[in-house]
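These notes concern the structure reproduced below.
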There are 2 protein chains.
Amino acid sequence: MAERPTGHQVPTGDEGGTAPNTRPAGPPPPEPSHAERCRTLVASASRGALSTLAADPQGYPYGSVASYGLDDRGNPLFFVSLMAEHTQNAIRDPRASLLVTEPVPDGADPLASGRATLLGLLSIVIENDRPTARARYLEANPTSAYYIDFGDFTFYRLDVQNIRYVGGYGRMSWVDAAAYAKAEPDPLAAAAAGIIQHMNADHAEAQVLFCRHLGGRPDTTEASMSAVDRYGFEMIAVSSAGRAPVRLGFPKECTTGEQVREAMVALVANARAAAALAPR
Amino acid sequence: MAERPTGHQVPTGDEGGTAPNTRPAGPPPPEPSHAERCRTLVASASRGALSTLAADPQGYPYGSVASYGLDDRGNPLFFVSLMAEHTQNAIRDPRASLLVTEPVPDGADPLASGRATLLGLLSIVIENDRPTARARYLEANPTSAYYIDFGDFTFYRLDVQNIRYVGGYGRMSWVDAAAYAKAEPDPLAAAAAGIIQHMNADHAEAQVLFCRHLGGRPDTTEASMSAVDRYGFEMIAVSSAGRAPVRLGFPKECTTGEQVREAMVALVANARAAAALAPR
């Protein structure tokens, strides 16, 4: 099943309207697939909202807090008390989903942040798989170390069958479970916040160059980075006409901060070359 | 239906064991009911995990992010796109729940924080009630102002039928919906963080006095406030034997920070009087 874009779109990013984009025609800059975005999002957190089916009132969807680790295919591994409501629910009916959300910055619109709903079946982790489940869970949840060997608790796995991804307004789809299982979390995920902070603190001028000469926004007066991944990065370009999102691809995939630094140097050279050719 | 305590208990608070409590026999200090704790928790947030029943895969519980306001009875009011999955789910089957969680401090055990699951039926808000729903929703979600009048969106209410409350380890129950509807959010909720910060920054000595002479922990060497509500407050008392939670009631209910200040002055006098009577 391919990614199926669905759902409403509320315009955002282009606040107050902008001039038309003058980027030359060509393929759009590469970006992570929704399957990759989901794997990255789910791997970046260790707690979500687990929905199960309640016994009383019968059949009601029941939301609870659940900490998790992940197996190699991105299936969540839970460590649950046998007496907890969600465990009792799962024993009666294994249908479940796990909602994982990006953190929402203070004062930001929560509906602009990413979230993924992993739908699937809950089952108890068999004895042979328990040491791995335990290690994965502990790695993701170090505060659970003091009760990880309580007899009342056991490991459950959510075998993901289908995924709803919402990356913010207008970026949403159903993601195929096999594509999710094969996808890799973005190798830059842990470094991204530091890269963004550095670029915005020390390289605001370079970003204006990028937007003007590579991003098709020649009227840009200010620019700031909002996201970075192995394939490229996103900026908000500000001009007298408003704000517009600009994405640029890296010359080649980056899996480390050092490779991003090298890519930025190459892009600055490209932007200067484009500036020299630009009509005055 | 009364509050029914259920579920497992993982010991906490008493880390490493403590000496027995020497507080004189008598009624325990007053504290908020679980219905009041739920109302306070739900009123303190404006975003939760909404669980509905999916069409595809059919009957799976489906978790999504939902912002909300509250009506006078504490029923959540949602402003949803007709095209969103959760709205389509609710149209087919109105059974739903909303999970609301307390923020988890960095590095803290998430299972020690409070959360409430409100189970009930979703229904569209009738025209007469829409202006109030709109006002309540906007008050709780100011960032939604720019799309509050989009035609594609409508108001839904979750009529709460039953509530699962988990206030951390060992504090959990099913809460009756009528008790929840009648309960008042704690009037000190907004002031609590400031009161706690002030007490811990400037009145650590007073808290040691409280724990030693009013809280039944004569061996206390350090104490810090962890919670405050209209009926009293909670401290963590540290001694050579470990850490123990201590709750004290206010001489009378406090609904403002100024009343808390007066209550603390009275309690310091009580603690000094008790200290003068204590065996040496």
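A, B, ... follow the sequence lines: proteins, then strands. Residue 1 opens every chain.
Considering every non-hydrogen atom in both A/P61 and B/P61, the closest pair reads CB-CB, 4.1 Å. Between B/L99 and A/V65 the shortest heavy-atom distance is CD2-N, 3.9 Å.
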Could you give me the CA-CA distance, side-chain angles and deciding distance for B/R95 and A/Y62, then say whether side-chain contact (heavy atoms from CB on, under 4.5 Å) is met? CA-CA 10 Å; B/R95 292 177 292 177; A/Y62 179 91; over 6 Å; no

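Here A/G59 is the residue among A/S67, A/S144, A/G59 with the most heavy-atom pairs under 4.5 Å with chain B. In terms of heavy-atom pairs under 4.5 angstrom with chain B, the leader among A/L98, A/T117, A/D93, A/L50 is A/T117. Of the listed residues (A/A96, A/A49, A/A66), the greatest number of heavy-atom pairs within a distance under 4.5 Å of chain B belongs to A/A96. Contacts with chain B were tallied for A/S64, A/A54, A/S97; A/S97 has the most, counting heavy-atom pairs under 4.5 Å. Your options are B/L82, B/V104, B/V166, and the one with the most heavy-atom pairs under 4.5 Å with chain A is B/V104. The most heavy-atom pairs under 4.5 Å with chain A, out of B/G120, B/G48, B/S113, B/P57, come from B/G120.
To the nearest 0.5 Å, the span separating CG on B/L53 from CG on A/L53 amounts to 6.5 Å. The distance from atom CD of B/Q161 to atom OH of A/Y60, rounded to the nearest 0.5 Å, is 3.5 Å.
Annotation for A/R136: atom CZ counts as buried by contact number, over 12 foreign heavy atoms lying within 6.0 Å.
Contacts between A/S46 and chain B at a heavy-atom distance below 4.5 Å are absent for every atom of the residue. If you measure heavy-atom distances from A/T52 to chain B, the contacts under 4.5 Å come from the backbone alone.
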